[in-house]
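To keep things clear, I will list the structure first and then write my remarks on it.
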Amino acid sequence: MDNKDFFDEEYDKIENKHDEEKSQNFDDWYGRQPAPSKSKNGNKPLYITLICLALVACIVLGWVLCTVFTSISRSTKGQSALFDDVLQYLENQYYKEIPDEKMWAAMEQAGTAMMQNAGDQFSRLMSPSTYYELVNPTSSKDTNENGSFGVEFQFIEGIGMYVYEVTTDSSAYGKLQGEDIIYKISDIKTIDNQPMENIVTSAVKRDDFIDNLDNIKSATFYALRNGEAVEPVIISRGITDYVNPDYKFEFIEFYFGDKCTNVSTSNIGTAGTNTKEARKLGELNKFDDVGYIRIKEFSYILIPSATENGKEEIHSVLDEFIIAMNLFKSEIRDKNGNIVKKPCKRLILDLKGNPGGSVQYVAEIAGMLSTDSKLSDSERKAVKSGDKSIITTLIKRNGSKQIYPATLSYETYFGELTDKQSIVVWTDGGSASASELLTGALRDYGTAVQMGTTTYGKGIAQTWEELTNYKAVIQVDGKSVTSCWAIYYTVAEYFSPVTGTNIHGMGYTPDGSFNGLDTYDKLWTATIGYFNNSASGGTVASK
């Protein structure tokens, strides 16, 4: 995104670090493992996402992991020999030859199963194709010549598809909703207009289902919503688009009134609702200085360079957030000079369903929303790191620490910090990892009050390492690209900046009457009451 008022320096820093991030990108959820909920809210089917990647009952590991683990001490040499024997059996004694691609797929599943069954539920072995997609993410709104359904989902073995996003202006918008569980697809027509057998998602494996979905032109989708079956809907592939072409954002949704937003404010096409209506954003009309920003995830995509050098450029959530916050604080007039948006001074930050992302991005965003003005002298000294302040600290197994500091610029957007916080953070059981890191930092610095339900409880960070001895040539957009196998694994715990809190397995719980707010109606009632000084219960600081 092209806002250079603040981003010139930061953009250059992140661009320079891009190569480093490919091999050392803590807590990057770009592989899209939605955070499972704590099932605190019986009305939501989000609890069904308890498996981030379904554990695959596969025992074949193969050459890759055998070689990797033979160098490890203890009894792993014997374990590697066991896997090697299994491989030899399949190669030499199985009654028919197993295709290479099937063996490699089995290795990816087996490596993932081994690491997850050993205790690291967020880890996985990545094939060259999977790894390439992780480090070279592209726009979720990119479509092929056949278009898309506009549904972002996570397949859960034995359950179905958990829908966590329906793209605005897509063919599914208004028909399916976030948190739906798709359990069956029928009346299927393929891309070449041929009939296909019905798919009952709980009866097929993930890869089989996704491969089939790629070939579907139209179908009837059956879904559960809030635990109950809804009327089946017929959806055909279509071209997805942006509501506001001036703000083609991937990660940030904002609403500062109908004249300054990138979400739908009226029904589009056959949709029975719109984003403004679904999230009750019209309630903002009760204020003239409150804005709404939703962060979908803390990630990035690669886009073609505007220059002729052909190098791809990073487009990140930080990019978009800076633009949104500049709009937040600005007065905007129409072509006739009429004010269509006044400067905002208070913010609703919606982190519901945010599965996390890059620690580097969330640290920079946290810095924009934080100040140390309410800390004691000793606390202020403890969080200082040069001319910046600590947002989080990662601690590895060997005790080594890695801090993530940021320049605190709260006053730029909100003015002086008062006892009544100017930021309200909405969370739920799907707010995980980096979104919890942000919540914890704002709580520690005392700049935000949390409302909603308890967050997921993921206080650990992941990174990946390339297995450079194992490379393969893959096809990407018709081109041959060399990629390698890689291991994605948990590397550290992270702690909040002031209190040193780690919320793994617990999450952050809103205080007092601000807890248990599991609908937008409840959240708006509490938020309006808080901003109008009439909220009961709930503390203003949660340090």
Side-chain angles (χ1 to χ4, degrees), residues 31-34 45-46 48-49 51 53-54 56-58 99 101-102 105-106 108-109 127 129-130 133 138-241 267-273 475-478:
R32 293 308 286 175
Q33 301 180 58
L46 195 57
I48 300 181
T49 63
I51 307 174
L53 277 176
V56 183
C58 177
E101 60 271 16
K102 194 168 185 178
E108 183 175 17
Q109 294 173 345
S127 69
S129 295
T130 303
E133 291 174 0
T138 56
S139 171
S140 62
K141 294 183 174 64
D142 285 345
T143 58
N144 57 34
E145 59 183 359
N146 299 305
S148 75
F149 291 104
V151 178
E152 299 178 35
F153 65 89
Q154 169 68 21
F155 181 81
I156 303 179
E157 195 83 26
I159 301 295
M161 289 196 314
Y162 168 72
V163 177
Y164 54 82
E165 189 76 25
V166 179
T167 305
T168 302
D169 284 5
S170 71
S171 54
Y173 190 71
K175 296 182 178 181
L176 295 173
Q177 298 180 12
E179 300 182 1
D180 282 355
I181 299 291
I182 299 172
Y183 62 89
K184 179 181 177 180
I185 300 178
S186 68
D187 305 318
I188 301 170
K189 292 293 183 63
T190 63
I191 296 299
D192 55 3
N193 214 34
Q194 298 299 312
M196 181 188 293
E197 293 183 8
N198 292 353
I199 298 176
V200 179
T201 58
S202 59
V204 298
K205 292 184 178 180
R206 173 182 181 276
D207 290 340
D208 293 337
F209 178 78
I210 291 177
D211 288 343
N212 283 327
L213 186 66
D214 289 340
N215 293 320
I216 295 175
K217 179 180 180 181
S218 65
T220 299
F221 288 72
Y222 298 75
L224 297 175
R225 186 172 301 155
N226 296 327
E228 297 181 358
V230 296
E231 191 72 20
V233 291
I234 300 174
I235 305 175
S236 300
R237 286 182 180 271
I239 301 299
T240 59
D241 203 350
N267 294 1
I268 301 169
T270 60
T273 187
Q475 295 298 311
V476 179
D477 297 329

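Note that the numbering runs from 1 along the sequence shown for the chain. Just so it is clear, the structure is predicted and the values come from calculations on it, not from any experiment.
- Minimum interatomic distance between Gly178 and Val166 (heavy atoms only, all atoms of both residues): N-CG2, 4.2 Å.
- Within the model, atoms CE of Met161 and CZ of Phe221 stand 5.5 Å from one another, a figure rounded to the nearest 0.5 Å.
- Pairing each heavy atom of Arg225 with each of Lys175, the nearest pair is NH2-O, 3.4 Å.
- Here the CD1-OH distance, from Ile185 to Tyr222, works out to 10.5 Å after rounding to the nearest 0.5 Å.
- Applying the side chain to side chain contact (heavy atoms under 4.5 Å, CB included) test between Ile181 and each of Leu224, Val163, Asn226 identifies Leu224 as the sole match.
- Annotation for Gln475: atom CD counts as buried by contact number, over 12 foreign heavy atoms lying within 6.0 Å.
- Here Gln194 pairs with nothing under the side chain to side chain donor-acceptor pair (under 3.5 Å) rule; sequence neighbours left out.
- When every heavy atom of Ala172 is checked against every heavy atom of Phe149, the shortest pair comes out as CB-O, 3.1 Å.
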Set out, in order, the CA-CA distance, both residues' side-chain angles and the distance that settles side chain to side chain contact (heavy atoms under 4.5 Å, CB included) for Ile235 and Leu176, then state yes or no. CA-CA 9 Å; Ile235 305 175; Leu176 295 173; 3.7 Å; yes
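- Every residue two or more places apart in sequence or in another chain that forms a side chain to side chain donor-acceptor pair (under 3.5 Å) with Thr190 is listed here: Asp192.
- In this structure, Ser129 has no side chain to side chain donor-acceptor pair (under 3.5 Å) partners at least two apart in sequence or on a different chain.
- Across all their heavy atoms, Ser236 and Ser218 have their closest contact at OG-CB, 3.4 Å.
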